[in-house]
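Report on the following structure.
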Protein chains: 2
Amino acid sequence: MASLKDIAEKTGVSIRTVNRALKGDEKIKEATKKLVLEAAKELNYIPNLAARALKSGGGYEVIAVINNLHEMHLRKFAAMEKVLRQKDLLLSIFIVEDENCCEDLLKRLSLSRPAGAVLMADYDSQEQYDLIKGLWEIFDQQSIPCVGIDLDFEGMNQVVLDRSQAIYDAVQYLNKQGYQKIAYAGIEGAFGNDERLLGYRNAMKNLSQEESIFLAPPAVGDEARVESGKLAMKFFMDLEEGPDAIQFFTDMMAVSALQFCQENDIKVPEDLAIIGFDNQPITAFTQPPLSTIVQPVEKVGEISGQLLCNLIKSSESRVYTKMVNADLVVRQST
Amino acid sequence: MASLKDIAEKTGVSIRTVNRALKGDEKIKEATKKLVLEAAKELNYIPNLAARALKSGGGYEVIAVINNLHEMHLRKFAAMEKVLRQKDLLLSIFIVEDENCCEDLLKRLSLSRPAGAVLMADYDSQEQYDLIKGLWEIFDQQSIPCVGIDLDFEGMNQVVLDRSQAIYDAVQYLNKQGYQKIAYAGIEGAFGNDERLLGYRNAMKNLSQEESIFLAPPAVGDEARVESGKLAMKFFMDLEEGPDAIQFFTDMMAVSALQFCQENDIKVPEDLAIIGFDNQPITAFTQPPLSTIVQPVEKVGEISGQLLCNLIKSSESRVYTKMVNADLVVRQST
DNA sequence: TTGTATGCGTTATCAT
DNA sequence: ATGATAACGCATACAA
């Protein structure tokens with residue numbers, strides 16, 4: 001690997017001059033600059049970022065903490081990596097698996113001190129919440145700049161997806177389409193349910209319409225969550241005056257509701273409009289294809305990366321919260 | 001941030017001794033060792049990776065190269081991380097996106113020289129294949145121990161999933177269940193199709209039965225692949241003597257075939273048995289639930305991690321190829 | 001406009 | 001068993 005020294009020797013100028021030529025921002029004679037740049041190219045010079053990092057104090061790796069390998073998270077992850085790579089930061093990953101994660105993280109940190117961290121974790125239970133919060137506190141104590149994605153710890157830098165707004169918009173859309181009675185079906189205590197419910201409630205308030213809400217009992221695992229969709233359908237169909245449009249908590253629920261409709265001869269979207277949430281791959285292929293809400297995960301990843309870069313560079317203490325909007329994908333179920 | 005120097009000053013010993021105590025592998029008096037370790041803990045010492053990398057060319061991190069964020073890959077990834085973490089190796093990730101990946105990788109390597117690498121990439125086209133191969137060659141040239149997962153570059157350390165065997169077993173199973181005419185439906189030129197087809201052919205040869213194969217035209221994207229399933233069904237149903245069991249290339253194809261059956265009153269598994277491939281989440285919830293083939297990705301990840309650890313430690317030049325079997329999950333579609 | 005010299009935190013050689 | 005010191009490649013204060 002060619003170094004500045006090599007270029008200096010080849011061109012006969014000093015290291016310092018090579019440095020200036022490469023940086024381009026200092027006073028330097030055009031001729032020497034050209035000479036150096038050519039030599040650099042010829043020698044296939046690549047700066048040694050480790051040395052650079054060492055000199056300028058900062059580390060060069062960012063550690064991403066993740067406890068859920070959903071594709072969605074990984075798309076955020078990829079978008080973030082792209083941003084970080086441009087800033088010569090390297091992304092390393094720490095997967096949270098069990099209750100020992102705090103100790104594990106400490107041990108991980110004893111191996112190397114990252115320049116920054118991103119916390120990208122879901123929680124379904126109080127224990128999980130506490131665990132994740134514990135991880136954040138570690139970063140906080142160690143003064144490692146940290147950005148949380150879709151978390152809500154006080155005093156933490158955040159990038160937050162505004163699911164509330166997304167649901168609000170979806171309800172508004174349904175209303176504009178002429179649907180009269182719009183319902184929400186969620187799962188009690190599930191991660192993100194309250195937020196979506198809030199969006200629904202705000203929208204209904206804004207439309208001066210009466211709420212119609214079903215919350216399935218807490219469900220763990222895909223199977224239970226599919227079941228929740230059917231439970232919701234049963235609930236609404238038994239109502240005297242059932243809804244003609246339902247916003248579901250997740251695509252899973254919506255898909256199983258769609259199945260229910262098929263089995264019970266309910267025509268979608270004529271008798272009932274259905275909207276899911278997440279734009280899972282399946283949704284494009286259901287009968288009819290499901291309208292759903294896309295979380296712009298790439299954007300979230302990008303913004304998180306940028307925020308973190310800024311925090312690392314500026315080492316300022318102001319706490320940011322960045323909101324990102326989600327969008328409605330209209331297919332044939334509405 | 002505390003450095004070796006700080007510890008040295010605090011304890012009154014030299015930097016070199018601190019270094020020895022921390023490494024633990026050199027002759028050193030127990031008392032001084034203890035003293036140093038305590039001081040290190042007290043000062044919350046974390047080694048500076050940049051300095052380490054600068055001096056010794058790195059050696060504590062493994063870089064995983066990945067070009068496809070399928071959940072499956074990520075489960076391998078997680079399993080691997082677990083193994084590596086136990087060996088105090090950090091896992092960092094490098095996501096391949098475009099044709100510049102080789103340059104990018106070189107730049108990445110200038111940041112720090114990893115102790116090892118794992119190449120976990122899919123390819124659908126010759127260009128992609130060449131690109132990935134280029135990445136491998138970089139590792140190879142730089143003498144960085146590298147393990148490939150499901151690749152087939154000559155001279156490369158490999159962990160390979162035996163999909164051929166899996167299909168072979170599935171066909172044998174169908175035969176034992178009494179199905180008379182077993183077919184295979186795949187996609188021309190798709191990644192892994194040939195391998196599965198080979199398993200089918202071998203099984204049919206072994207059973208002395210006549211092959212019945214449909215290969216859909218090359219399809220890119222989920223939608224096209226779903227369509228392939230229907231194409232296959234149309235093909236087989238138009239046959240004079242159609243199959244009573246079909247092994248599909250992917251779950252996607254199988255699921256859409258299942259839909260086709262529903263729409264055309266073909267009873268599964270009475271009239272037709274269907275087996276997918278991959279055990280995607282949906283498969284458990286189709287009507288009827290789909291039998292499919294699980295790739296034991298965790299095992300693959302684990303073995304890859306172990307293999308890499310061995311390569312790093314022993315730095316031997318022997319080339320390994322480890323085969324891992326896939327298993328059949330029997331649900332109600334067979 | 002260009003060069004000299006120093007130090008970042010580690011590792012490792014060579015002394016003691 | 002321990003210490004002094006050089007070196008890794010880069011950035012930069014200071015000198016010329």
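Per chain, numbering begins at 1; letters A, B, ... match sequence-line order.
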Checklist entry - Could you give all pairs that pass the salt bridge (Lys or Arg N to Asp or Glu O under 4.0 Å) test and reach residues 42-61 of chain A, with sequence neighbours left out? => result A:Lys10-A:Glu42, A:Glu61-A:Arg108
Next on the checklist: Show me the pairs that pass salt bridge (Lys or Arg N to Asp or Glu O under 4.0 Å) and involve residues 82-94 of chain A, at least two apart or across chains.
Outcome noted: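 Those involving residues 82-94 of chain A are A:Glu81-A:Arg85, A:Lys82-B:Glu97, A:Arg85-B:Asp104, A:Asp88-B:Lys107.
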Next on the checklist: Going by the rule salt bridge (Lys or Arg N to Asp or Glu O under 4.0 Å), which residues pair with B:Glu298 if we only count those two or more places apart in sequence or in a different chain?
Outcome noted: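 Testing B:Glu298 for salt bridge (Lys or Arg N to Asp or Glu O under 4.0 Å), a comparison that skips the adjacent residues, returns B:Arg75.
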Item to check | Listed partners of A:Glu302 passing salt bridge (Lys or Arg N to Asp or Glu O under 4.0 Å), at least two apart | outcome: none
Separation of [X] atom [atom1] from [N] atom [atom2], in whole Å?
X: B:Leu22; N: C:dG9; atom1: CG; atom2: P; answer: 15 Å
X: A:Tyr60; N: C:dG9; atom1: OH; atom2: P; answer: 15 Å
X: A:Lys33; N: C:dT1; atom1: NZ; atom2: P; answer: 11 Å

Side-chain atoms of residues 129-143 of chain A: list all donor-acceptor pairs with protein atoms under 3.5 Å, sequence neighbours left out, distances to 0.1 Å.
{"residue": "A:Tyr129", "atom": "OH", "partner": "A:Asp152", "partner atom": "OD1", "Å": "3.4"}
{"residue": "A:Asp130", "atom": "OD1", "partner": "A:Gln126", "partner atom": "NE2", "Å": "3.1"}

Checklist entry - Taking protein heavy atoms under 4.0 Å as touching, what does nucleotides 6-16 of chain D look like 5' to 3' if B marks base contact, S marks sugar-phosphate-only contact and - marks none? => result -BBBBBBB---
Next on the checklist: On the nucleotide D:dA1, are OP1 or OP2 found under 4.0 Å from the side-chain N or O atoms that B:Thr32 carries?
Outcome noted: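 Checking B:Thr32 against D:dA1: no side-chain N or O falls below 4.0 Å of OP1 or OP2.
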Next on the checklist: Please confirm whether the shortest side-chain N or O distance from A:Thr17 to OP1 or OP2 of C:dG3 is below 4.0 Å.
Outcome noted: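 Yes, such a contact exists.
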Checklist entry - Between B:Met323 and B:Asp162, what is the shortest heavy-atom contact and its length? => result SD-CB, 4.0 Å
Item to check | Between the first and last five pairs of the helix from C:dT1-D:dA16 to C:dT16-D:dA1, the angle of the axes, rounded to 10 degrees | outcome: 40°
Item to check | Qualifying residues under side chain to side chain donor-acceptor pair (under 3.5 Å), relative to A:Asn325, sequence neighbours excluded | outcome: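 Listed in chain order: nothing, the list is empty.
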Item to check | Residue pairs, two or more places apart or on separate chains, that pass ring-ring contact (aromatic ring centres under 6.0 Å, His included) and touch residues 72-97 of chain B | outcome: none
